[in-house]
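As a basis for the values below, the full set of heavy atoms in this structure was taken, side chains included, without hydrogen atoms, waters or symmetry mates. Chain letters run A, B, ... following the sequence lines, proteins first and then strands; every chain starts at 1.
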Amino acid sequence: MSLAKTYNPKEAENKWYAYWMEKGFFRSTPDHREPYTIVMPPPNVTGVLHMGHMLNNTIQDVLIRRARMQGKNACWVPGTDHASIATEAKVVAMLKEQGIDKKSLTRDIFLKHAWEWKEKYGGIILKQLEKLGASCDWERTKFTMDPDLSDAVIDTFIRFYKEGYIYRGVRMVNWDPQGKTALSDEEVIRKEVNQKLYYVRYKIKDSNEYIVIATTRPETIMADTAICINPNDERYTHLKGKTVLVPLIDREIPVIEDDYVEMEFGTGCLKVTPAHDLNDYELGQKHNLEVIDILNDDGTLNEKAQILIGEDRFIARKTVAKLLEEAGQIEKIEDYKSQVGFSERTDAAIEPKLSMQWFCKMEELAKPALEYVENGTIKLIPEKFFASYKHWMENVKDWCISRQLWWGQRIPAWYNEKNEWVVAKTEEEAVQEFEKQGKSAQGIRQEEDVLDTWFSSGLWPMSVFDGVRNPDNEDFKYYYPTNDLVTAPEILFFWVARMIIMGHDYTQQPPFRNVYLTGIVRDKLGRKMSKSLGNSPDPIELMEQYGTDGVRVGMLLSSPAGNDLMFDISYCEQGRNFANKIWNAFRLVKGWETIEAPATVAQKSAAYWFENRFNQAVVEIDEHFKSYRLSDALMATYKLIWDDFCAWYLELVKPAYQAPIESETLATVKLYFQKVLALAHPFMPFLTEELWHDELFGERQPKDCVIVATYPEIRPFDEAIIKEFEIVQQIISEVRNIRNSKGISPKVALPLAINTTDVDLTKFRDGITKLANIADLSFVQEKVTGTVSFLAGKSECYVRLDNENVDIEAERERITKEIEYLKGFLVSVEKKLSNERFVQNAKPEIVQNEQNKKADAEAKIKILKESLAGLE
RNA sequence: GGAGAAUUAGCUCAGCUGGUUCAGAGCACCUGCCUUACAAGCAGGGGGUCACUGGUUCGAACCCAGUAUUCUCCACCA
């Protein structure tokens with residue numbers, strides 16, 4: 001049977017993933033082996049695979065496959081996140097399309113819809129991960145709202161409450177008027193926005209004067225409860241103790257003094273709106289000001305605004321500006337840029353809002369979490385993220401953990417008829433608790449709010465093994481702490497920090513040892529890939545087009561550790577080409593006829609060289625993996641296979657056209673081929689498995705798969721043979737160069753004499769003859785006249801050419817040029833050596849090195865001069 | 001406003017403790033080849049004042065200072 005000329009990934013991909021699953025290779029249960037554990041950052045349950053997931057999960061899969069082949073008990077736990085706000089927003093939108101308003105539903109009915117939605121769309125992204133080849137233990141798949149995981153969340157809330165970390169109180173929080181919920185500080189994204197700075201005139205009571213105040217938010221003037229000036233501002237001394245009128249509504253408010261006000265900014269006067277600005281709130285507290293909240297939960301104005309009731313805040317802003325203008329109370333309007341907070345999930349502009357929320361105290365919890373990273377127990381890769389991690393940990397604020405949503409874990413707090421509350425797991429326990437505290441247990445109802453999604457994600461490395469509720473279970477004891485966490489730097493604080501905090505609080509151990517922070521996938525222009533920009537290719541389509549292995553290789557080639565990656569489709573092409581290269585190397589070997597015979601000297605030499613080169617590469621690759629430089633590890637694999645294996649080793653042993661190959665050599669080739677496949681498998685799982693099972697390599701037992709084959713181990717290697725072969729490569733390359741530059745057909749065999757000094761290259765005689773197409777190869781002791789010569793390592797080589805092929809002039813010029821260069825080089829070296837201070841200060845071996853360089857250059861010049869003379 | 005990082009070939013990036021692994025890789029490019037594994041290929045080749053300016057040193061892509069540009073994170077100036 002003849003194989004297709006190009007590799008067709010489709011068949012192999014469908015076949016082998018199913019096969020691996022069937023044979024249970026992804027499964028992991030505790031045993032005597034060393035565990036290697038990764039918990040997958042759970043994608044949003046309603047998510048669809050994007051390039052970021054693709055990168056992230058490819059890296060994890062490479063790590064897990066390699067560990068598995070290295071004999072570790074590799075366990076990769078997949079799962080999804082319930083993503084409170086995002087999912088609830090999607091469900092609300094879906095219901096709206098069906099003409100259903102969330103407000104018209106009870107909590108239970110809404111949740112029923114949400115669960116239906118989750119069942120319908122929840123599995124998509126995990127299916128897509130299968131296409132990528134992700135070798136997760138699917139039987140361990142978890143969802144952050146699975147009963148056991150939710151239970152762990154509730155337990156944790158109670159635990160933290162008992163430990164004194166959780167409290168309830170009225171605070172200024174980030175309010176998302178679209179999601180209609182509070183958010184944590186981390187969920188607020190600040191963006192620079194072009195705004196208008198309105199200079200508004202406030203009339204002074206019982207006077208014709210007015211005072212001008214700059215604001216970007218005229219719609220909030222109805223909530224003003226004071227005007228503030230800096231006590232040292234002489235311009236406004238006359239205003240002290242005065243009362244001013246809020247424009248449009250003429251409410252009377254005092255002028256207060258506080259040096260918080262910057263005299264240089266705006267007009268030096270500040271309108272104080274305690275309900276709608278954090279600073280103003282604090283200022284209001286300090287000066288005992290009234291708080292007038294004029295906004296509804298959805299960002300529309302309420303009756304306290306007195307005017308424009310029911311209008312959206314942004315429409316109201318324009319309307320108020322217009323009204324002020326008409327009333328002659330706008331002095332001027334300037335363009336102004338400022339930072340505005342937006343909801344990370346809904347992208348709605350955040351309103352600072354005063355409300356009753358649940359918080360988690362962070363200061364104390366953060367300390368051990370910082371220590372882990374500081375003392376190296378947890379390594380951040382790359383390290384550059386440590387600085388911002390430290391900064392965040394040292395300046396962490398209390399975490400608002402309550403959300404005014406239904407989708408999520410409902411806070412286990414209970415209220416009685418008097419609105420007193422207790423924290424308890426069940427209603428019964430709540431009753432007991434109330435009674436214990438001597439409070440009424442009548443009219444008990446549960447807290448409406450749910451917990452921040454990240455509160456449950458923070459438990460992920462523990463809760464997937466049921467370690468929160470049952471820390472003594474086998475799985476948890478075996479797999480925890482996990483090894484590597486692969487995630488995006490954007491969620492270092494959201495998620496990574498909180499996992500460390502929670503993990504430590506429960507176990508006094510870190511949840512993982514290494515945190516590999518991947519870059520952000522950007523397009524060629526450096527823009528972040530996003531749906532809204534439409535610049536993100538669909539990973540599934542890419543895989544269809546280039547094959548999964550090709551895309552995996554493409555992703556990794558373009559992703560230096562920790563830096564953003566400029567994704568370019570040409571990387572996928574390169575990956576596809578590489579897969580094809582391996583495929584064709586295989587076709588070559590498969591096509592060989594065999595003759596029962598031992599290997600020739602030349603074949604043995606080639607094999608010996610490749611074996612050592614292979615071992616050398618394995619060491620290099622291992623080092624790259626150790627420092628999490630996956631793209632370098634891949635590139636080293638790529639070069640080993642493409643250059644060393646295909647271009648040199650296979651070419652060296654390749655029999656002449658239609659000639660058979662010696663059986664011993666074929667056996668060796670097959671052996672190395674399999675080793676090379678094993679080395680490539682973590683990067684290109686499908687192609688390697690496909691080839692592994694070809695009859696060329698003999699019969700395979702059902703479980704004899706490359707996915708569980710032995711990963712090449714570190715072995716010593718003979719550097720001398722690698723160096724020697726480099727000389728051979730140079731010689732061949734030079735002869736080809738001469739051929740190329742003189743337009744001599746590769747079919748014309750050239751004579752070659754090699755004058756070796758202290759290297760024996762005779763064992764590569766056949767190889768050189770074949771690859772450089774030499775008619776007559778001789779090893780000589782002295783200079784051969786009438787030749788083109790060059791230097792290859794320590795050998796001088798002469799190619800005797802027919803007279804008509806020799807361009808004496810060109811050759812003379814080439815050699816002269818080279819001599820000139822060497823002379824210049826020699827001058828610089830001699831200059832260095834004659835510098836006394838250099839000889840005195842530099843390390844002896846450096847000086848020795850310079851002397852070697854000098855001798856070397858002199859020898860080369862001598863040879864070249866002789867060559868030049870020989871041209872006459 | 002604060003902190004951190006980056007700037008090396010057309011592109012994406014390596015370059016560890018200053019000294020032949022110091023100017024590298026892959027891709028792209030140019031030239032020649034449809035040579036029976038592969039044109040998704042083969043052979044060969046040309047590309048760089050290492051952002052700029054000073055300093056330290058016998059010696060700087062590398063260390064220091066400043067400048068410019070870019071990026072990221074953090075931060076409540078109306």
A.B. asks: Where does the angle between the aromatic ring planes of A/W583 and A/Y7 fall among parallel (under 30°), tilted (30 to 60°) and perpendicular (over 60°)?
C.D. replies: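 Ring orientation of A/W583 relative to A/Y7: tilted.
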
A.B. asks: Could you spell out the base pairing of RNA chain B as a dot-bracket line? Use Watson-Crick and G-U wobble contacts where both distances are under 3.5 Å, [ ] for crossing pairs, | for partners on a different strand.
C.D. replies: (((((((..((((.....[....)))).(((((.......))))).....(((((..]....))))))))))))....

A.B. asks: So what does A/L270 touch, heavy atoms closer than 4.0 Å: a base, only the sugar-phosphate, or nothing?
C.D. replies: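 Base: the residue A/L270, judged by heavy atoms under 4.0 Å, touches a nucleobase.
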
A.B. asks: Heavy-atom nearest nucleotide on RNA chain B for A/N577 versus A/H391: which residue maps closer to 5'?
C.D. replies: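 Nearest nucleotide further toward 5': that of A/N577.
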
A.B. asks: Rounded to whole angstrom units, what separation is found between the NZ atom of A/K397 and the P atom of B/C74?
C.D. replies: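 Atom NZ in A/K397 sits about 12 Å away from atom P in B/C74.
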
A.B. asks: Which nucleotide, B/C76, B/A78, B/C38, lies nearest any side-chain atom of A/F265?
C.D. replies: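 Closest nucleotide to the A/F265 side chain: B/A78.
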
A.B. asks: Syn or anti for B/U20? Use the chi torsion, O4'-C1'-N9-C4 for purines and O4'-C1'-N1-C2 for pyrimidines, with syn inside 90° of 0.
C.D. replies: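 Syn, angle within 90° of zero.
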
A.B. asks: Under 4.0 Å, heavy atoms only, any strand: does A/E651 hit a base, just the sugar-phosphate, or nothing?
C.D. replies: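 Touches a base.
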
A.B. asks: Nearest 0.5 Å please: distance from the OH atom of A/Y546 over to the CG atom of A/N580.
C.D. replies: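 Answer for the OH-CG pair, A/Y546 versus A/N580, is 14.0 Å.
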
A.B. asks: Indicate syn or anti for B/U21, taking the glycosidic torsion and treating anything within 90° of 0 as syn.
C.D. replies: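 Here B/U21 takes the syn form, which means its glycosidic angle is within 90° of 0.
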
A.B. asks: Does a side-chain N or O from A/R217 land closer than 4.0 Å to OP1 or OP2 of B/C76, or not?
C.D. replies: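 For A/R217, the contact criterion (side-chain N or O under 4.0 Å from OP1 or OP2 of B/C76) is not met.
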
A.B. asks: Quick one: is A/Y638 getting a side-chain N or O under 4.0 Å of the B/C27 phosphate, OP1 or OP2?
C.D. replies: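 Result: yes.
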
A.B. asks: Please measure how far the C1' atom in B/C76 lies from the corresponding atom in B/G15, and state the result in whole Å.
C.D. replies: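 Their C1' atoms lie roughly 44 Å apart.
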
A.B. asks: Quick one, which residues of residues 580-588 of chain A touch RNA chain B with a heavy atom under 4.0 Å?
C.D. replies: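 Contacting residues: A/N580, A/K581, A/N584, A/A585, A/R587, A/L588.
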
A.B. asks: When you get a sec, tell me which of B/A78, B/C42, B/A25 is the closest nucleotide to the side chain of A/W642?
C.D. replies: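 From the listed options, B/C42 comes nearest.
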
A.B. asks: Less than 4.5 Å apart, any side-chain heavy atom of A/L370 and any of A/Y389?
C.D. replies: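 Yes, their side chains come closer than 4.5 Å.
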
A.B. asks: For nucleotides B/C62 and B/G18, find the distance between their P atoms and express it as a whole number of Å.
C.D. replies: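 It works out to 11 Å between them.
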
A.B. asks: For A/E257 and A/C228, which heavy atoms make the closest approach, and how far apart are they?
C.D. replies: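 Distance-wise, the nearest heavy atoms are C-SG, 4.1 Å.
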
A.B. asks: Write down the distance between CD (A/E192) and P (B/G1), rounded to a whole number of angstrom.
C.D. replies: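 Whole-Å distance recorded here is 11 Å.
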
A.B. asks: Check whether any side-chain nitrogen or oxygen of A/K5 sits under 4.0 Å from OP1 or OP2 of B/A39, and answer yes or no.
C.D. replies: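 For A/K5, the contact criterion (side-chain N or O under 4.0 Å from OP1 or OP2 of B/A39) is met.
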
A.B. asks: Considering every strand and a 4.0 Å limit on heavy-atom distances, what is the contact class for A/C646: base, sugar-phosphate, or nothing?
C.D. replies: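 The residue A/C646 makes base contact.
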
A.B. asks: Please compare A/F578 and A/S570 by the position of their nearest nucleotide in RNA chain B and report the one closer to 5'.
C.D. replies: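 It is A/S570 whose nearest nucleotide is closer to the 5' end.
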
A.B. asks: Nearest to the side chain of A/V261 - B/A78, B/C42, B/C74?
C.D. replies: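 Out of B/A78, B/C42, B/C74, the nucleotide with an atom closest to A/V261's side chain is B/A78.
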
A.B. asks: Could you check whether A/K654 gets within reach of a base, just the sugar-phosphate, or nothing at all, counting any heavy atom under 4.0 Å?
C.D. replies: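 The residue A/K654 makes base contact.
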
A.B. asks: Using a heavy-atom cut-off of under 4.0 Å over every strand shown, decide if A/R736 touches base, sugar-phosphate, or nothing.
C.D. replies: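 Here A/R736 touches the backbone only, sparing every base.
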
A.B. asks: Looking at the side chain of A/N737, which of B/G45, B/C38, B/A78 is the nearest nucleotide?
C.D. replies: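 Taking heavy atoms from C-beta onward, the closest nucleotide is B/G45.
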
A.B. asks: Side chains of A/R613 and A/Y649: closer than 4.5 Å at any heavy-atom pair?
C.D. replies: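 Answer no - side chains too far apart.
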
A.B. asks: Among B/A14, B/C76, B/A40, find the nucleotide with the atom closest to the side chain of A/T6.
C.D. replies: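 Within the option list, the nearest is B/A40.
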
A.B. asks: A/D643 CG to B/G44 P: how many Å, rounded?
C.D. replies: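 So the two atoms are 11 Å apart, to the nearest Å.
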
A.B. asks: How far apart are the C-alpha atoms of A/V272 and A/I227, what are their side-chain angles, what is the distance that settles it, and do they pass the side chain to side chain contact (heavy atoms under 4.5 Å, CB included) test?
C.D. replies: CA-CA 6 Å; A/V272 187; A/I227 294 297; over 6 Å; no

A.B. asks: What residue among A/F493, A/F385, A/F386 forms ring pair (Phe, Tyr, Trp, His ring centres under 6.0 Å) with A/W392?
C.D. replies: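 Looking at A/F493, A/F385, A/F386, the match for A/W392 under the ring pair (Phe, Tyr, Trp, His ring centres under 6.0 Å) is A/F493.
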
A.B. asks: About how many Å separate CG of A/N8 and CG of A/L687, when rounded to the nearest 0.5 Å?
C.D. replies: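 Result: 11.5 Å between the selected atoms.
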
A.B. asks: Within the structure, does a side-chain N or O atom of A/S733 lie under 4.0 Å from either OP1 or OP2 of B/G44?
C.D. replies: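 For A/S733, the contact criterion (side-chain N or O under 4.0 Å from OP1 or OP2 of B/G44) is met.
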
A.B. asks: Between atom CD in A/E219 and atom P in B/A78, what is the gap in whole Å?
C.D. replies: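 A/E219 atom CD is separated from B/A78 atom P by 14 Å.
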
A.B. asks: Counting distance alone, no hydrogens or angles: does the base of B/A28 have a donor or acceptor under 3.5 Å from a partner atom on the side chain of A/Q574?
C.D. replies: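 Such a pair does not exist between side chain and base.
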
A.B. asks: Side-chain contact test, heavy atoms from C-beta onward, threshold under 4.5 Å: evaluate it for A/L270 versus A/L283 and give yes or no.
C.D. replies: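 Yes, at least one pair of side-chain atoms sits under 4.5 Å.
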
A.B. asks: Between A/F673 and A/F645, how do the two ring planes meet: parallel, tilted or perpendicular, split at 30° and 60°?
C.D. replies: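 Judged by the thresholds at 30° and 60°, the geometry between A/F673 and A/F645 is perpendicular.
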
A.B. asks: With a 4.5 Å limit on heavy-atom distance, are the side chains of A/L3 and A/F586 in contact?
C.D. replies: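 Side-chain contact under 4.5 Å: yes.
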
A.B. asks: Check the distance between B/C77's P and A/L278's CG and give it to me in whole angstrom.
C.D. replies: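 Roughly 11 Å, once rounded to whole Å.
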
A.B. asks: For A/Y336 and B/A78, is the shortest distance between a side-chain N/O and OP1 or OP2 below 4.0 Å?
C.D. replies: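 For A/Y336, the contact criterion (side-chain N or O under 4.0 Å from OP1 or OP2 of B/A78) is met.
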
A.B. asks: In whole Å, what separates the C1' atom of B/C27 from that of B/C64?
C.D. replies: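 The same atom, C1', in both gives a distance of 36 Å.
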
A.B. asks: Counting only side-chain heavy atoms from C-beta out, which of B/A78, B/G4, B/C73 sits nearest to A/A387?
C.D. replies: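 Ranking B/A78, B/G4, B/C73 by closest atom to the A/A387 side chain puts B/G4 first.
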
A.B. asks: Whole Å only: how far is the NE2 atom of A/H624 from the C1' atom of B/A25?
C.D. replies: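 A/H624 atom NE2 is separated from B/A25 atom C1' by 11 Å.
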
A.B. asks: Grab the OH-P distance between A/Y571 and B/U12 for me, whole Å please.
C.D. replies: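 Going from A/Y571 (OH) to B/U12 (P), I get 8 Å.
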
A.B. asks: Over how many whole Å does the gap from A/L650 atom CG to B/C42 atom P extend?
C.D. replies: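 Those two atoms, CG and P, are 12 Å apart.
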
A.B. asks: Please work out if A/Q339 contacts a base, only the sugar-phosphate, or nothing of the nucleic acid, heavy-atom cut-off 4.0 Å.
C.D. replies: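 Touches a base.
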
A.B. asks: If you only use heavy atoms from C-beta on, which nucleotide in B/A25, B/C73, B/C58 is closest to the side chain of A/F838?
C.D. replies: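 Of the candidates, B/C58 comes closest.
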
A.B. asks: Between A/E651 and A/K654, does any side-chain N to carboxylate O distance fall below 4.0 Å?
C.D. replies: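 Counted as a salt bridge, because a side-chain N and a carboxylate O are separated by less than 4.0 Å.
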
A.B. asks: Could you check A/T220, A/D277, A/T225 and say which one makes a side-chain hydrogen bond (donor to acceptor under 3.5 Å, both in side chains) with A/K271?
C.D. replies: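 By the side-chain hydrogen bond (donor to acceptor under 3.5 Å, both in side chains) criterion, A/K271 pairs with just one of A/T220, A/D277, A/T225: A/T220.
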
A.B. asks: With a 4.0 Å cut-off on heavy atoms, is A/S745 in touch with a base, just the backbone sugar-phosphate, or nothing at all?
C.D. replies: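 Touches nothing.
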
A.B. asks: Nearest to the A/R629 side chain among B/C73, B/G15, B/A78, which nucleotide is it?
C.D. replies: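 Among B/C73, B/G15, B/A78, the one nearest the side chain of A/R629 is B/G15.
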
A.B. asks: If the cut-off is 4.0 Å, is A/N395 near the phosphate of B/C74, judged by side-chain N/O to OP1 or OP2?
C.D. replies: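 No, no such contact exists.
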
A.B. asks: If the P atom of B/A51 is compared with that of B/A23, how far apart are they to the nearest Å?
C.D. replies: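 Those two atoms are separated by 16 Å.
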
A.B. asks: Select one nucleotide: of B/A78, B/C76, B/A25, the one nearest the side-chain heavy atoms of A/M635.
C.D. replies: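 Of all the options, the side chain of A/M635 is nearest to B/A25.
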
A.B. asks: Mind checking the P distance from B/G19 to B/G59? Whole angstroms is fine.
C.D. replies: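 Each nucleotide's P atom is 14 Å from the other's.
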
